[in-house]
Amino acid sequence: MTATAEAPTKAGEVPSFDVTLRIQRMDPDGTPDHPAGEEYWEEFTLTMHGTDRVLDALHKIKWDVDGSLAFRRSCAHGVCGSDAMRINAKNRLACKTLLKDLNPKRPITIEPIKGLPVEKDLIVDMEPFFASYREIMPFLMTSGPTPERERLQSPEERARFDDTTKCIMCAACTTSCPVFWTDGQYFGPQAIVGAHRFIFDSRDEGEWDRLEILNDKAGVWKCRTAFNCTEACPRGIEVTKAISEVKKALNTGAV
Amino acid sequence: MTEHEYDVVIVGAGGAGMRAALESSQRAKTAVLTKLYPTRSHTGAAQGGMAAALANVEEDNVEWHVFDTIKGGDYLVDQDAAQILCEEAVQAVLDLEKMGLPFNRTTAGKIDQRRFGGHTRDHGKAAVRRACYAADRTGHMILQTLYQQCIKQDVEFFNEFYVLDLILNDDPQSAEGKDVAVAGVIAYELSTGQIHTFRAKSVIFATGGAGKVFKTTSNAHTLTGDGMALALRRGIPLEDMEFFQFHPTGLAGLGILLSEAARGEGGILRNSEGERFMERYAPTIKDLAPRDVVARAMANEVREGRGCGPNKDYVLLDLTHLEPAHIDEKLPDITEFARTYLGVEPYTEPVPVFPTAHYAMGGVPTTNNAEVLRNNHDTIKGLYAAGEVACVSVHGSNRLGTNSLLDINVFGRRAGIAAAEYALTTEGYDLPADASALVSDQVEKLRATVGGGGTERVADIRRELQATMDRNVQVFRTSESLAEAHTLVGELQARFKNIAIHDRGARFNTDLLEAVELGFLLDLAEVVILGAEHRKESRGGHYREDFPTRDDKNFMKHTMAYKTKDGIRLDTKPVVVTKYQPMERKY
Ligand SMILES: Cc1cc2nc3c(=O)[nH]c(=O)nc-3n(C[C@H](O)[C@H](O)[C@H](O)COP(=O)(O)OP(=O)(O)OC[C@H]3O[C@@H](n4cnc5c(N)ncnc54)[C@H](O)[C@@H]3O)c2cc1C
Ligand code: SF4
Ligand code: FES
């Protein structure tokens with residue numbers, strides 16, 4: 001096909017529409033109407049365009065309506081993992097979710113991800129999440145002398161753990177997990193994804209150290225295969241599959 | 001206020017900052033201060049690869065890489081620095097592999113390599129496979145691997161700490177030969193609004209780029225040139241700020257990057273007439289001409305009315321003649337960007353693209369050991385810079401693709417070693433009693449604007465700044481466009497004094513910090529414009545329509561911009577030439 005001036009050029013054609021965002025707010029310093037720490041809902045109606053994402057709408061509020069609205073973001077195209085939030089009751093990245101895909105005729109609800117302490121509006125304390133990641137020893141472990149050149153690895157061996165290398169640590173999976181919500185101990189899916197990436201790396205020799213950690217009471221056996229994590233993952237990682245591969249390694253004693 | 005004391009403080013936890021931390025923390029007590037969680041840094045957005053003459057798949061050598069880097073930079077590269085970059089490249093890649101980076105592999109199990117613009121065999125004879133890569137997520141893998149190693153080494157991070165001032169013991173513009181040294185930094189903690197002072201024997205700036213000076217950019221919202229602006233405000237010069245790289249293929253209207261690999265795999269650029277217009281601009285290598293050449297050609301098509309879309313303001317990247325399977329295998333992430341953000345299916349529809357502000361070649365001037373220069377000769381004791389914030393200069397006036405991921409590893413490592421070794425030889429300097437005064441004052445003044453008399457909105461000024469820069473200081477520049485930008489930025493700086501923010505709170509006050517970041521952008525925009533006005537020639541990423549050729553006689557030198565009480569003063573610094581005399585840059 002040859003491109004011509006008549007080719008569809010969606011970028012400029014999509015009409016504008018009105019959309020209402022219903023945002024869960026909380027100000028740790030308090031506002032004139034809401035005491036410190038109170039959670040409440042606030043609605044904003046905006047005129048947006050078909051190519052706009054939820055992040056654009058949040059920016060529009062912050063930049064033009066209410067600068068105190070707090071949320072994290074950086075890359076704005078789904079690679080840094082800053083802006084996972086609950087959008088219409090599902091965990092997604094605001095920068096990767098188009099408004100038009102959400103039925104803008106109905107108010108769009110936006111809440112912080114669940115299971116981590118809310119700090120302000122859509123910002124949660126990520127420390128417990130990163131602490132779980134650190135627990136599983138997420139670094140290459142080898143023994144013996146360091147080779148002069150690269151360690152060899154076949155394309156097939158490399159492919160074995162490709163899926164879990166894509167993780168951007170956005171926490172969408174972990175904070176969509178019903179076990180994580182109710183059980184303060186569980187590492188959560190992301191830590192298992194992080195461990196999987198090394199356990200199945202042919203160069204790594206620390207797999208049993210990690211598997212032992214994951215065999216713990218806070219580990220993989222807590223997973224009840226709800227599949228929420230896989231659905232939530234903005235990188236398309238098969239999180240549940242990774243978890244079951246770890247379970248299988250523990251059951252069979254083979255990686 | 002909380003006081004801290006370290007041997008080495010690293011500002012920034014992208015590739016450069018964390019590579020430095022791995023070296024420094026083994027040798028000296030080190031803290032890493034970063035406004036983002038380390039894994040959110042924009043190094044993670046890099047797609048294509050990291051250059052090194054490993055010669056894993058075909059003949060290659062360091063010397064060819066050095067030559068390509070110098071020629072690619074249109075001879076404004078410091079040739080001794082380029083030599084170091086390319087010599088240390090091989091070890092830098094092998095180091096990452098040993099840390100666990102999952103590079104793509106050849107059938108023999110070695111690190112695989114692919115072609116990238118401007119990297120050639122034997123001084124330009126043909127394209128060479130020099131880019132080591134991990135799918136189209138090389139930067140993501142580098143960032144993750146370095147973070148993982150930092151966890152292993154128990155590196156101490158201060159996450160979501162914004163460094164807002166740099167404290168020196170003396171004025172960096174004092175006479176040559178005088179000792180000027182670093183004393184520490186002042187940081188604002190996002191979660192509490194508290195101000196922290198860090199006394200440090202060495203400080204490394206690794207704060208990344210400044211793409212948000214422009215509207216259309218591949219850079220993150222947080223890339224506001226903080227390190228550059230802080231240095232400038234404290235009297236440290238900035239080098240070659242007029243050189244910005246505009247990457248040809250940003251998603252139209254959004255600026256999100258589609259890697260050069262799209263054209264490497266056979267993608268073709270077309271105008272509204274369906275014409276493969278690059279045939280006219282670069283008859284031999286067409287769509288694979290260097291970034292600056294392609295970006296200008298695209299902008300010219302639009303300007304002459306051959307743009308596409310309702311506003312005729314972009315061209316099309318056509319992949320429709322490629323097999324879908326091939327696209328899926330080689331370009332999965334970027335084709336997903338086109339689907340997600342523009343709703344365009346690259347199998348069957350061409351993708352709207354336009355040049356996007358991508359990379360700052362200029363920055364804080366350093367020696368080859370990452371020591372920050374306060375003039376053409378003297379360094380500031382204990383102050384280092386590495387990564388996109390720095391200007392060594394290995395990129396000259398145009399960076400080659402894949403040379404930045406290399407830069408952050410080579411010079412990040414050098415900075416970490418040098419900073420720690422220096423720290424072990426000195427007692428450092430005490431912070432003055434009022435060290436944090438400037439920052440507390442700035443923060444308090446901004447808080448006081450809430451509900452006060454200010455009438456200007458931060459977002460409006462930022463939008464106008466970015467629009468002005470896109471309109472006047474992008475791919476094409478003229479004395480008129482630059483003069484217009486100069487006037488407008490001056491007006492915006494004046495209006496900035498009259499802003500009001502919304503959020504008075506202490507915790508997670510990103511409203512306040514966006515105002516601070518806008519201040520950085522305004523300062524830097526002025527330096528970019530002044531450098532561009534002064535440079536009456538065209539070289540690499542800087543193209544003056546009124547001076548369309550390179551002028552080695554008058555301009556083969558670096559620009560040095562100093563902030564003084566009478567405004568910005570421009571000076572020059574000689575280019576280091578070792579082997580390669582300037583030649584015409586043809587591909
Ligand atoms: C989309 C894209 C694709 C790219 N692809 C490639 C490629 O394929 N190959 C290649 O070689 N190059 C590529 N580049 C360029 C390269 O990725 C960057 O130049 C490089 O990663 C910059 O690394 P850095 O460590 O200097 O900065 P960054 O990774 O941007 O990190 C900056 C750090 O500084 C911190 N920081 C900033 N300001 C402050 C402050 N005031 N206080 C505290 N902390 C602060 C941030 O938190 C962050 O941790 C690409 C760039 C982009 C945008
Ligand atoms: S596995 Fe997916 S959802 Fe979970 S943290 Fe990683 S990228 Fe996010
Ligand atoms: S802002 Fe980076 S993932 Fe959304």
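Lettering of chains follows the sequences in order, A, B, ..., and the numbering in each one begins at 1. Computed from a predicted structure; not experimentally measured.
Looking at heavy atoms from C-beta onward, B:Asn159 lies out of side-chain contact with A:Phe130 at the 4.5 angstrom threshold. With contacts defined as side-chain heavy-atom distances shorter than 4.5 Å, the pair A:Val79/B:His140 does not qualify. A heavy-atom distance below 4.5 Å is not found between the side chains of A:Met169 and B:Tyr37. Using a 4.5 Å cut-off on side-chain heavy atoms (C-beta onward), A:Ser82 and B:Leu36 make no contact. B:His42 has its side chain within reach of A:Cys75: a pair of non-hydrogen atoms, C-beta onward, lies under 4.5 Å apart.
Here the straight-line distance linking atom CD of B:Glu97 with atom CZ of A:Arg151 works out to 6.5 Å at 0.5 Å rounding. Atom CG of A:Asp83 sits about 9.0 Å away from atom CZ of B:Arg40, to the nearest 0.5 Å. The line from CG of B:Leu146 to CZ of A:Phe139 is 14.5 Å long, rounded to the nearest 0.5 Å.
Residue contact with chain B, scored on non-hydrogen atoms closer than 4.5 Å, involves the backbone and the side chain of A:Met126 alike. With a 4.5 angstrom heavy-atom cutoff, B:Phe337 touches chain A only via side-chain atoms. Interface residue A:Glu127: backbone and side-chain heavy atoms are both found under 4.5 Å from chain B. Heavy atoms closer than 4.5 Å to chain A are found in the side chain of B:Arg462, but not in its backbone. Both the backbone and the side chain of A:Asp162 come within contact range of chain B, each with at least one heavy atom under 4.5 Å from a heavy atom of that chain.
More than 12 heavy-atom neighbours from other residues, nucleotides or ligands sit within 6.0 angstrom of NZ on A:Lys96.
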(Q) Between B:Lys98 and A:Glu150, is the salt bridge (charged side-chain N to carboxylate O under 4.0 Å, His left out) condition met? List the steps. (A) CA-CA 7 Å; B:Lys98 284 167 199 164; A:Glu150 64 264 53; over 6 Å; no
Q: Please lay out, stage by stage, how A:Lys62 and B:Thr510 fare under the test side-chain hydrogen bond (donor to acceptor under 3.5 Å, both in side chains).
A: CA-CA 10 Å; A:Lys62 184 168 185 68; B:Thr510 51; 2.9 Å; yes
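Comparing A:Gly30, A:Cys167, A:Cys170 by heavy-atom pairs within less than 4.5 Å of chain B, the highest count is held by A:Cys167.
Comment: B:Asp333 engages A:Arg235 in a salt bridge, judged by a side-chain N to carboxylate O separation of less than 4.0 angstrom. Electrostatic pairing of B:Glu514 and A:Arg73 counts as a salt bridge here, judged by a charged N lying under 4.0 Å from a carboxylate O. The residues B:Glu160 and A:Arg72 are annotated as salt-bridged, a charged nitrogen and a carboxylate oxygen being separated by less than 4.0 angstrom.
With 3.5 Å as the limit, one finds no donor-acceptor pair spanning the side chains of B:Ser191 and A:Lys120.
Below 30°, between 30° and 60°, or above 60°: for A:Tyr133 and B:Tyr147 the angle between ring planes is below 30°, a parallel geometry.
A centroid separation of 6.0 Å or more is found between the aromatic rings of A:His77 and B:Tyr341.
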